[in-house]
> 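Below: one structure in structure tokens.
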Amino acid sequence: MKTVSENRAFGGIQGVYSHASEACACDMTFGLYLPPQAAAGPVPVLWYLSGLTCTHENAMVKAGAQAHAAAHGLALVFPDTSPRGGHVADDEAYDLGQGAGFYVNATQRPWAAHFGMWDYIAEELPALLFSEFPLDPGRQAITGHSMGGHGALTLAMGLPDRFSSVSAFAPICHPAASDWGRKQLTAYLGKDEAQWEAHDATLMMRAVGFPGEVLVDQGGDDQFLPLLMPEALAHAMAARRQPGAFRIHEGYDHSYFFVSSFMGEHVAFHAGAMAP
């Protein structure tokens with residue numbers, strides 16, 4: 001692991017680090033915010049998964065999460081959204097390839113060689129983090145925005161013993177039925193739609209739900225509402241009587257202005273769920 005940068009922020013350290021990834025067969029970069037409380041011992045961890053076209057940097061710089069994390073004594077992990085590099089398959093479209101990993105393990109050519117994002121987030125990066133930094137593996141929560149909200153929800157429901165809580169900002173809620181999903185799941189996983197089910201938050205909610213609290217925030221003026229399909233997930237949560245909340249905020253769009261407006265509530269939500 002290499003240190004790219006470290007900056008003091010709200011009494012803690014915002015770091016950026018790179019390492020060779022076996023899951024993605026390339027070098028990967030991630031951000032990690034350690035609050036001042038980490039100087040005294042391991043702290044809880046909140047994972048933040050970003051959306052289409054993003055790197056580790058977008059939320060790290062724009063979400064305004066560090067002040068809230070420092071106040072609650074939480075670490076923040078900002079992984080990248082896909083493998084990177086000249087040898088990694090890519091596509092001219094912004095919603096496929098580099099910057100658009102969709103948090104799945106690709107099985108189809110040319111993506112399978114590098115796009116092991118599920119294993120990277122679920123196994124490889126946690127193993128590295130917990131071996132190198134003062135983090136508590138027994139207290140983890142996860143959130144994300146857009147494609148990252150999709151990833152947060154599916155990882156939380158797919159790993160029900162891992163995370164105390166899950167939240168999402170404007171997630172892609174039903175990719176198996178959306179143009180933000182059918183294209184990518186076909187490319188990465190093939191045409192057998194049974195292979196898509198573990199990567200669709202609505203289908204996962206119908207099938208298994210989440211054993212803890214769920215918080216979803218959606219902007220009422222989001223320009224991508226037809227692609228996100230929030231109503232599908234809201235209906236699935238209601239049908240299952242899933243503990244939690246699905247909130248629509250009038251006038252908010254899909255941007256980081258929306259995310260940063262409610263980030264403090266999400267950090268507090270997760271801090272409460274991970275409290276000893």
> Given the rule in the side-chain contact (heavy atoms from CB on, under 4.5 Å) test, do M60 and V16 qualify, once you have shown the distances and angles that lead to the verdict?
CA-CA 10 Å; M60 188 180 81; V16 177; 3.7 Å; yes
> Same hydrophobic cluster for V267 and V45, using side-chain heavy-atom links shorter than 4.5 Å among ILVMFWY?
no
> Would H145 and N58 satisfy side chain to side chain donor-acceptor pair (under 3.5 Å), going step by step from the backbone distance to the final call?
CA-CA 11 Å; H145 174 229; N58 295 70; over 6 Å; no
> Please examine the side chains of V216 and V214, heavy atoms only from C-beta on, and report whether any two atoms are closer than 4.5 Å.
yes
> Cut-off 3.5 Å, side chains only: do S167 and H270 have a donor facing an acceptor?
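Judged by distance alone, the side chains do pair up.
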> Which word best sums up how the rings of W118 and H199 line up, parallel for under 30°, tilted for 30 to 60°, or perpendicular for over 60°?
perpendicular
> Decide yes or no on side chain to side chain donor-acceptor pair (under 3.5 Å) for S21 and E124, but give the supporting numbers first.
CA-CA 8 Å; S21 167; E124 185 177 28; 2.7 Å; yes
> Is a side-chain donor-acceptor pair under 3.5 Å present for D221 with H254?
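Looking only at side-chain atoms, D221 and H254 do not form any donor-acceptor pair under 3.5 Å.
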> Hey, quick one: are Y103 and L52 part of the same hydrophobic cluster, counting side-chain heavy atoms closer than 4.5 Å, chains of contacts allowed?
yes
> Take atom CZ of F257 as the centre, draw a 6.0 Å sphere, and report whether it contains more than 12 heavy atoms from other residues, nucleotides or ligands.
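Open.
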> Taking the six-membered ring for Trp, are Y188 and F115 parallel (under 30°), tilted (30 to 60°) or perpendicular (over 60°)?
parallel
> Residues two or more places apart in sequence or in another chain: which of them pass salt bridge (Lys or Arg N to Asp or Glu O under 4.0 Å) with D90?
none
> Does E6 have more than 12 heavy atoms from other residues, nucleotides or ligands lying within 6.0 Å of its CD?
yes
> Report yes or no: do H56 and S50 form a side-chain donor-acceptor pair below 3.5 Å?
no
> Over all heavy atoms of both residues, which pair between P79 and I121 is shortest? Give the atoms and the distance, please.
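Taking every non-hydrogen atom into account, CB-CD1, 3.5 Å.
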> Step through it carefully: locate the ring centre of H68, locate the ring centre of F269, and say whether they are under 6.0 Å apart.
no
> Looking at R247 and E265, is any side-chain nitrogen of the basic one under 4.0 Å from a carboxylate oxygen of the acidic one?
yes
> Give the cluster check for M28 versus M1: same hydrophobic cluster or not, with ILVMFWY residues linked at side-chain heavy-atom distances below 4.5 Å.
yes
> T154 versus V104: any side-chain heavy-atom pair under 4.5 Å?
no
> Does I172 belong to the same Ile/Leu/Val/Met/Phe/Trp/Tyr cluster as F210, with side-chain heavy atoms less than 4.5 Å apart forming each link?
yes
> Does R162 pair with E123 as a salt bridge, N-O distance under 4.0 Å?
yes
> Taking salt bridge (Lys or Arg N to Asp or Glu O under 4.0 Å) as the test, write out the residues that go with R240, two or more places apart.
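By the salt bridge (Lys or Arg N to Asp or Glu O under 4.0 Å) rule, R240 matches no residue at all.
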> Going only through I, L, V, M, F, W and Y residues with side-chain contacts under 4.5 Å, is there a path from Y120 to L159?
yes
> To the nearest 0.5 Å, what is the distance between CE (M205) and NE2 (H174)?
13.0 Å
> Under the salt bridge (Lys or Arg N to Asp or Glu O under 4.0 Å) criterion, do D27 and R84 qualify, and how do the steps go?
CA-CA 7 Å; D27 287 345; R84 307 267 177 187; over 6 Å; no
> If the plane angle is over 60° it's perpendicular, under 30° parallel, otherwise tilted; pick one for Y48 and Y256.
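Correct class here is tilted.
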> Calculate, to the nearest 0.5 Å, the distance between atoms CD and CG belonging to E57 and D80 respectively.
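The CD atom of E57 sits 10.5 Å away from the CG atom of D80.
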> Does E193 pair with R182 as a salt bridge, N-O distance under 4.0 Å?
yes
> Could you tell me whether the side chain of L96 reaches within less than 4.5 Å of the side chain of W111, counting heavy atoms only?
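They are in contact (side-chain heavy atoms under 4.5 Å apart), so the answer is yes.
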> Take D95 and W180 through the test side-chain contact (heavy atoms from CB on, under 4.5 Å) and record every step on the way to the result.
CA-CA 8 Å; D95 58 355; W180 267 1; 4.1 Å; yes
> Before you tell me yes or no, could you show the steps for F262 and Y252 under side-chain contact (heavy atoms from CB on, under 4.5 Å), namely the whole-Å CA-CA distance, both residues' side-chain angles and the distance that decides it to 0.1 Å?
CA-CA 11 Å; F262 300 99; Y252 285 89; 3.9 Å; yes
> Check the pair S5, Y17 against side-chain contact (heavy atoms from CB on, under 4.5 Å), reporting the backbone distance first and the verdict last.
CA-CA 7 Å; S5 63; Y17 309 93; over 6 Å; no
> Compare every heavy atom of N105 with every heavy atom of M117, then report the nearest pair and how far apart it is.
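Taking M117 first and N105 second, the nearest heavy atoms are N-OD1, 3.6 Å.
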> What I'd like to find out is whether the side chain of P35 reaches to under 4.5 Å of the side chain of V43, using heavy atoms alone.
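The answer is yes, as the side chains (C-beta and beyond) meet within the 4.5 Å cut-off.
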